[in-house]
Amino acid sequence: MILDAVLGPLGETYFQKALLGGILVAVVSGVVGSLVVLRRMAFLGDALSHAMIAGVAGGYLGMKLLFGLEAYAPGMLLGSLIAAVITVFLIGFVARVSRVKEDASIGIMYTGVFAAGVVLVSVFRQHIHIDLMHFIMGDVLAVGDADLYVAAFTCGLVLTILLLFYRSFQILSFDPVMAAAIGVPVVLLDYVLTTCVSLVVVSAVSMVGVILVVGLLITPAATAYLLSDRLERMMVLSAVFGTSSVVGGLYLCILLDASGGGAIMLFCTLQFLVVLLVAPRYGLMARWRRQHGVPPQLIEDILALAARRDGVMELSEIRERVDRPRLVPRAIKTMQRQKMAELEDGKLVLTDPGKAKAIELLRAHRLWETYLEHVGTPAEELHERAEELEHKHDPTTLSDLDDLLEHPEIDPHGEPIPPSPLVVAGSLVPASLLREGQGGTVERTGMPAMEAGVNPGVQVHMGARLLTEDGRTRWNLRTNDGKSHVLNHEQADAVIVCLEDVGGAGHASPPALENPAA
């Protein structure tokens, strides 16, 4: 019976078209909606979708009066796009030439354009036969072939644009100031993104209605935002949540004999509420656990302290050194449950997993200290500020930080920085990550390394690093035939080595480079 309920609707043509059209809209809406949510432009999608009524009415009336064509879809589509462009222009114009902020100008302009559409429909009601309720609510179960073609074309076009300019959109979404500083055309990309939103809204509003297209732009992206800190993952999850909303909503619509658009948005909203409750980092349950349980930062502080004592530390000293000593017993019990530590004669002893985590924190701390010194932080503030930043130790952040600093081996206090966890026997790593004495076989090289004379297949090992007169690092890569190649950062990154020997010191300060041009 359950199988019949699932497979039965799939045999109906109207359901197949609704499913296909809804998924196309959901995927492209979810991907572009991720940028909309990150840029805090959610109100813009609402504005464009409501402004569509003026475009639809104008396109309908123009085709009827000029060509005698009634309800001509391409004409209404073109009118909708023109209305979207006019709305965006008016919003930007008002925000630039007046004291009114952009959010207020959006509210003013979209209600004005929407009202103009309503007046146009009412004044020319003898020529325009548009069901406004159908326009606002949509009818996803009445999707036609033309709607599918438009949705497919828009989906392909918008996804292609986002793929081509992905890196620029990524920088613009998280740091517009930096994007402008490095030469990203911020204004142009803003218009491109707005155009993409307009295309999505225009192509979908006649099929699924104003309410659903706004919901599919915002809600799946907001749901994905609760589960991901990376834009590409957020886009994928947003598309998945949008698709599941369409599928689940259409079956809910059949089950309850309800409005298709309403059922899809209801399912989408319920999906968001579930994720809001159970999201592992940003959900309500996780927040409650953080407020009433052992703070993860306390466990990380204990691990970092123990790392500086070779993995063994007196409990009394731990209580003296942490900010919340009363929570230390509970923190240690948590560490024991997670197999990170054991208790022996009043001492905390880290296990192998605990030591690995502690080394990761120690590496983060010393990399942050090095970075802070690099940006001019006073020496007396380095340790304290690095203790705050060491909790930001996800692999991507540390890898980017390490690369920015040219893979330092010692921190500002002369303490060794633990090597990257990628440096293990049998792994493929850039030569820039190698420490003195480490080596293996060159698997492949990029053009910068080939220009320096390093070719695949040779056995290499790393010599002591060198410094140029301006303080830049050079890598002294030696081959088994006695040749030495002095590489800059770009060249060392382009040499990919299959590690065989992961020993080596790697903690000595680099000597000065006598011939920086070598």
Side-chain angles (χ1 to χ4, degrees), residues 21 25 41-98 100 102-147 149-151 154 191 194-195 197-217 259-262 265:
V25 171
M41 296 168 58
F43 200 20
L44 179 62
D46 191 26
L48 292 175
S49 60
H50 281 78
M52 290 303 102
I53 190 172
V56 169
Y60 191 112
L61 182 62
M63 298 306 294
K64 179 68 179 294
L65 296 180
L66 295 176
F67 304 102
L69 298 174
E70 189 164 340
Y72 187 61
M76 292 189 291
L77 184 64
L78 179 61
S80 299
L81 188 57
I82 292 173
V85 172
I86 292 174
T87 303
V88 171
F89 172 78
L90 291 175
I91 290 169
F93 177 77
V94 172
R96 282 195 303 270
V97 303
S98 71
V100 178
E102 187 173 20
D103 58 344
S105 66
I106 289 175
I108 295 169
M109 289 300 107
Y110 105 73
T111 51
V113 176
F114 179 72
V118 173
V119 170
L120 191 64
V121 171
S122 61
V123 170
F124 294 94
R125 55 186 173 272
Q126 70 274 24
H127 298 294
I128 302 175
H129 307 109
I130 296 177
D131 182 359
L132 290 182
M133 185 55 65
H134 170 79
F135 177 81
I136 294 173
M137 297 301 298
D139 190 358
V140 71
L141 295 178
V143 173
D145 292 342
D147 295 322
Y149 293 142
V150 171
T154 303
Y191 280 114
T194 304
T195 302
V197 175
S198 302
L199 286 171
V200 172
V201 171
V202 168
S203 65
V205 77
S206 62
M207 179 167 56
V208 297
V210 169
I211 294 176
L212 183 55
V213 74
V214 175
L216 288 178
L217 265 175
S259 163
M265 271 319 301

For Val150, what residues pass the side chain to side chain contact (heavy atoms under 4.5 Å, CB included) criterion, not counting sequence neighbours? Leu77, Thr154, Ser203
With Phe124, which residues qualify under side chain to side chain contact (heavy atoms under 4.5 Å, CB included), at least two apart? Leu61, Leu120, His127, Ile128
In short, Met265 meets Leu216 closest at the heavy-atom pair SD-N, 4.1 Å
Return each pair, listed once, that meets salt bridge (charged side-chain N to carboxylate O under 4.0 Å, His left out) where at least one residue sits in residues 76-85; pairs must be two or more places apart or across chains. none
Pair listing, salt bridge (charged side-chain N to carboxylate O under 4.0 Å, His left out) test, anchored in residues 53-68, at least two apart: Lys64-Glu70
Considering only distance and modelled atom types, tabulate donor-acceptor pairs under 3.5 Å from the side chains of residues 111-118, sequence neighbours left out.
| unit_1 | atom_1 | unit_2 | atom_2 | d |
| --- | --- | --- | --- | --- |
| Thr111 | OG1 | Gly107 | O | 2.6 |
| Thr111 | OG1 | Ile108 | O | 3.0 |

